[in-house]
Structure formats: C-alpha cells, structure tokens
Amino acid sequence: QVTGELPFMLEMAAWYGLPSPGGSGGDSSFGGINSFPINQVVVPQLELDTLNDAIQLAFENGADIPSLTIVCGPRVKRQISTWGEGYIRTMRTETSIGQTVDRIVTDFGEVGVEVFRHLRPNEVYIMDTSEMSILEFQPFTEVELAKTNILCEDRGIWGEYGFALACPCHHTRIRIDSACLPDGSCDIACFDEPAASTICEPGQ
C-alpha cells in the first residue's frame, strides 16, 4: 500500500534532488529546483529589500509577478510577519492581537507568502509554481517480486516521475548565512546550515 511517505519523498526530491543516471538496479533520481540555474542569493540576514531585489530581477526577466510565491519555513515566516507589526491597529472591541503577512506589495505587483514546514530554516524561495511540475510517467504501484525469503519481501513499490521547471530566471533561492559577517555579529534572522527537519512520529 502506498503511504504518505512516498509522496513526501517525491516532494523533497523536487526541492533538493540531485540528478542521477541510476545504478545497476535501474533506480535513478531527478534533479530538484536547485539543480536548475536559478538565481541564487546569499545574504547575512533577510530583509525586505532582499525580496524586492529578487522580485525586481524576475520582473526584468519577464516573470508574471502575480504568479510568484514566496515559500519559506516557519521561522522565516514569523520574521516576515514582524515587518508589519508597526502597522497594527486595534480597537477596544478587538479580541485578538498579532500580525500575519500573507502578501508583500512591490512596485511590480503583489507576491503571496506561503509556509512549508520541511524547508531548511535559513532559506527562502521565490517561485513561479505555474512554471514547474512533477511529471508522472508511471504512478506508484505495488509489484510482486520474483523471489522472496526471510531477507526479502515479496512485494515492492514501483513508480516513474520527473520534475520540470521552465524559465529558471524567474525563480530565486535566498540562503541566509551568518558566515557572511566576518565579525560574527548576527541577529535572530541568521542561521547556520541546518539539518533537515525532524518529523514527530505518532505515538503507540
């Protein structure tokens, strides 16, 4: 039975996969977003101007700005929301407080902001999702193996997928690296290169 683990692995391959021609067993992997020649930016801390610069570059290269989306992890999303905190207006009847930023307005159009929990906490992508797709050549299916013993299951999972990304100059990856500051000065917006997020498994 195909579980949620396979679609998750497929999703992560689209982000971080490295092209592989395959081995003797026939298995191979397709390249993810980073394997295309997209705009790559490294900054010591994330600022609104950094996003504006990337959006402007995409616009100058012909991107349709309303179709762009800023994709980031939870930590960066919280930082982006703090950029609007000075504009909070509350009244006596309000029963909530806080600021959520789900769009950034630029001179070239509005760009949405989305959270993806499995991104590394020190990176941001500005992507045009209309210009990318996971290609399904053969859906995940269970297949019966030719041989079974105590070390080998008699069932396997088979599927063929690829990833396509059009117009690489319309997409940007921003990496926040505290090593950009020689004196080591940094604030909450800086991160070292992290490991992948650990997902909590359900209890028994």
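Residue Phe137 is found in a hydrophobic cluster whose other members, listed by chain and number, are Leu135; membership requires side-chain heavy atoms under 4.5 Å apart, directly or through intermediates.
Surrounding CD of Glu114 are at most 12 heavy atoms belonging to other residues, nucleotides or ligands under 6.0 Å away.
Under 3.5 Å, the side chains of Asp128 and Ser67 contain a donor-acceptor pair of N or O atoms.
With Asn52 as reference, Thr106 is the one residue of Leu57, Val111, Thr106 to meet the side chain to side chain contact (heavy atoms under 4.5 Å, CB included) rule.
Taking the side-chain contact (heavy atoms from CB on, under 4.5 Å) definition, one finds that Tyr161 meets it with Leu10, Phe30, Ile134, Glu136, Pro139, Phe140, sequence neighbours left out.
No cation-pi contact links Arg173 to Phe36, judged by a cut-off of 6.0 Å to the six-membered ring centre and 45° from its axis.
To the nearest 0.5 angstrom, Ile55 atom CD1 is 7.0 Å from Leu68 atom CG. The line from CD of Gln79 to CD of Gln45 is 7.5 Å long, rounded to the nearest 0.5 Å. Annotation: the span from Leu18 atom CG to Ser35 atom OG amounts to 7.5 Å, rounded to 0.5 Å.
The hydrophobic clustering, which links ILVMFWY residues whose side-chain heavy atoms are closer than 4.5 Å, places Val41 and Phe59 together. Linking Ile, Leu, Val, Met, Phe, Trp and Tyr whenever their side-chain heavy atoms come within less than 4.5 Å leaves Val115 and Met12 in two separate clusters. In terms of hydrophobic clustering, with Ile, Leu, Val, Met, Phe, Trp and Tyr side chains grouped at heavy-atom distances under 4.5 Å, Trp83 and Val101 are assigned to a common cluster.
Judged by distance alone, the side chain of Asn34 and the main-chain N or O of Tyr16 form no donor-acceptor pair under 3.5 Å.
Residues His118 and Trp15 fail the side-chain proximity criterion, which asks for heavy atoms closer than 4.5 Å. Using a 4.5 Å cut-off on side-chain heavy atoms (C-beta onward), Val43 and Asp177 make no contact. Between Ile33 and His171 there is no side-chain heavy-atom pair separated by less than 4.5 Å. Side chains of Thr100 and Lys77 form a contact here, defined as non-hydrogen atoms less than 4.5 Å apart.
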